[in-house]
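What follows is a set of notes on a single structure, which appears directly below.
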Protein chains: 2
Amino acid sequence: MERDQAEELRALQDTLYFIGGKWRVPVINSLCNGNRRFREIERSIPGITTRMLSKELKDMEMNKLVTRMVYNDTPVLVEYEPTPYCRTFGKIIQEMINWGRDHRKKVIQKQ
Amino acid sequence: MERDQAEELRALQDTLYFIGGKWRVPVINSLCNGNRRFREIERSIPGITTRMLSKELKDMEMNKLVTRMVYNDTPVLVEYEPTPYCRTFGKIIQEMINWGRDHRKKVIQKQ
DNA sequence: TAAACTGGTATACTCCAGTATACTGGTAAC
DNA sequence: GTTACCAGTATACTGGAGTATACCAGTTTA
């Protein structure tokens, strides 16, 4: 049986669309690494602005990648919990980390 | 030994940067599927324009992801050959295809 | 009591990735 | 002789992703 290139391309493009911008994957990664609070996530991703993180988390909440939990202690405590669905990105992210690592090695080697 | 989150993030961001825009991954995928000629690649990726494909292939040539071969028959024949390095993306792409497929299933299921 | 933390929002701006469209010069098929 | 293929280039335009910066109200630390 022949592989359906069109179907594969669709699946691929769905994933790329879902990943979207510059910050989605790093945010997922941060959550999967155990970071939960807003400033904690922010600090774990150098370069991201509050605005972008805020947008990203809202978007991810709508897409059921993250659950926003508010605890009414004083001061109020907010935690972002990655959903099981969020964690299904794990393999892709791991492959990306591996590739990036090898790439860096290769670049250093060349110099 | 503790995992180095900063190092992992760097590797991840390197990969994301390398992937760059909307078309890099689909083009790599097309090449890895055996498409070689300009119009052939173009047709295999619905929605891409000649301009974007041209830019992408040039960029990929500079980054040693693709080799441009010109055969001086008449009419001139041009072929784009993916380098071994290009093929190292295979795992990431496969994981992306898998994820996209599962995602689609999940979405259809919900309706 | 001033500084620094929390979890964000508001406004303004910029730049370039991606789109749209037309065109070229040569070859080959109908 | 006109339509269609090949492998692209040229020009013009735009939307929105991402940046920069300031601000808020409350709390805790020095």
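Bear in mind the structure is a predicted one, so any value in this text is a computation, not a measurement.
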Mutual orientation of the aromatic rings belonging to B:Phe18 and B:Phe89 [parallel < 30°, tilted 30-60°, perpendicular > 60°]: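 The rings of B:Phe18 and B:Phe89 lie parallel, inter-plane angle below 30°.
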Can you classify the ring geometry of B:Tyr80 versus B:Phe38 as parallel (below 30°), tilted (30 to 60°) or perpendicular (above 60°)? tilted
What's the [atom1]-[atom2] distance between [X] and [N], to the nearest Å?
| X | N | atom1 | atom2 | result |
| --- | --- | --- | --- | --- |
| A:Arg43 | C:dG8 | CZ | P | 14 Å |
| B:Glu40 | D:dG8 | CD | P | 13 Å |
| B:Leu53 | C:dG18 | CG | P | 13 Å |
| A:Lys55 | C:dT9 | NZ | P | 12 Å |
| A:Asn72 | D:dG26 | CG | C1' | 14 Å |
| B:Tyr17 | D:dG18 | OH | C1' | 15 Å |
| B:Leu77 | D:dC5 | CG | P | 18 Å |

Do A:Met69 and A:Val78 sit in the same hydrophobic cluster, where Ile, Leu, Val, Met, Phe, Trp and Tyr count as joined when their side-chain heavy atoms come under 4.5 Å apart?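 Different clusters: A:Met69 never reaches A:Val78 through Ile, Leu, Val, Met, Phe, Trp or Tyr contacts under 4.5 Å.
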Could you tell me whether the side chain of A:Glu40 and the main chain of A:Arg37 form a donor-acceptor pair under 3.5 Å? yes
Assign each of B:Lys58 and A:Gly21 to its nearest nucleotide of DNA chain D by heavy atoms, then name whichever residue's nucleotide is nearer the 5' end.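 It is B:Lys58, whose closest nucleotide lies nearer the 5' terminus.
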With a 4.0 Å cut-off on heavy atoms, is A:Arg24 in touch with a base, just the backbone sugar-phosphate, or nothing at all? nothing
Would you please name every residue forming a side-chain hydrogen bond (donor to acceptor under 3.5 Å, both in side chains) with B:Thr15, sequence neighbours left out?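 B:Thr15 satisfies side-chain hydrogen bond (donor to acceptor under 3.5 Å, both in side chains) with no other residue.
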Excluding sequence neighbours, so at least two apart, what forms side-chain hydrogen bond (donor to acceptor under 3.5 Å, both in side chains) with B:Gln5? none
For nucleotides 19-29 of chain C, tabulate all protein N/O to nucleotide N/O atom pairs closer than 3.5 Å, reporting atom names and distance.
{"residue": "C:dT19", "atom": "OP1", "partner": "B:Lys22", "partner atom": "NZ", "Å": "3.2"}
{"residue": "C:dT19", "atom": "OP2", "partner": "B:Trp23", "partner atom": "NE1", "Å": "3.4"}
{"residue": "C:dT19", "atom": "O4", "partner": "B:Arg51", "partner atom": "NE", "Å": "3.4"}
{"residue": "C:dT19", "atom": "O4", "partner": "B:Arg51", "partner atom": "NH1", "Å": "2.7"}

Please list residues of residues 25-37 of chain B whose heavy atoms come under 4.0 Å from any atom in DNA chain C, ordered by number; otherwise none. none
Could you check if a side-chain atom of A:Cys32 sits within less than 4.5 angstrom of a side-chain atom of A:Ile28, using non-hydrogen atoms only? yes
Residue pairs involving residues 79-95 of chain B (criterion salt bridge (charged side-chain N to carboxylate O under 4.0 Å, His left out); sequence neighbours excluded): B:Arg36-B:Glu81
Under the side-chain hydrogen bond (donor to acceptor under 3.5 Å, both in side chains) definition, can you give me all pairs with a residue in residues 17-26 of chain B, not counting sequence neighbours? B:Arg24-B:Glu56, B:Arg24-B:Asp59
Using OP1 and OP2 only, check whether a side-chain N or O of B:Tyr71 sits under 4.0 Å from D:dC6.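 Negative; the distance criterion is not met.
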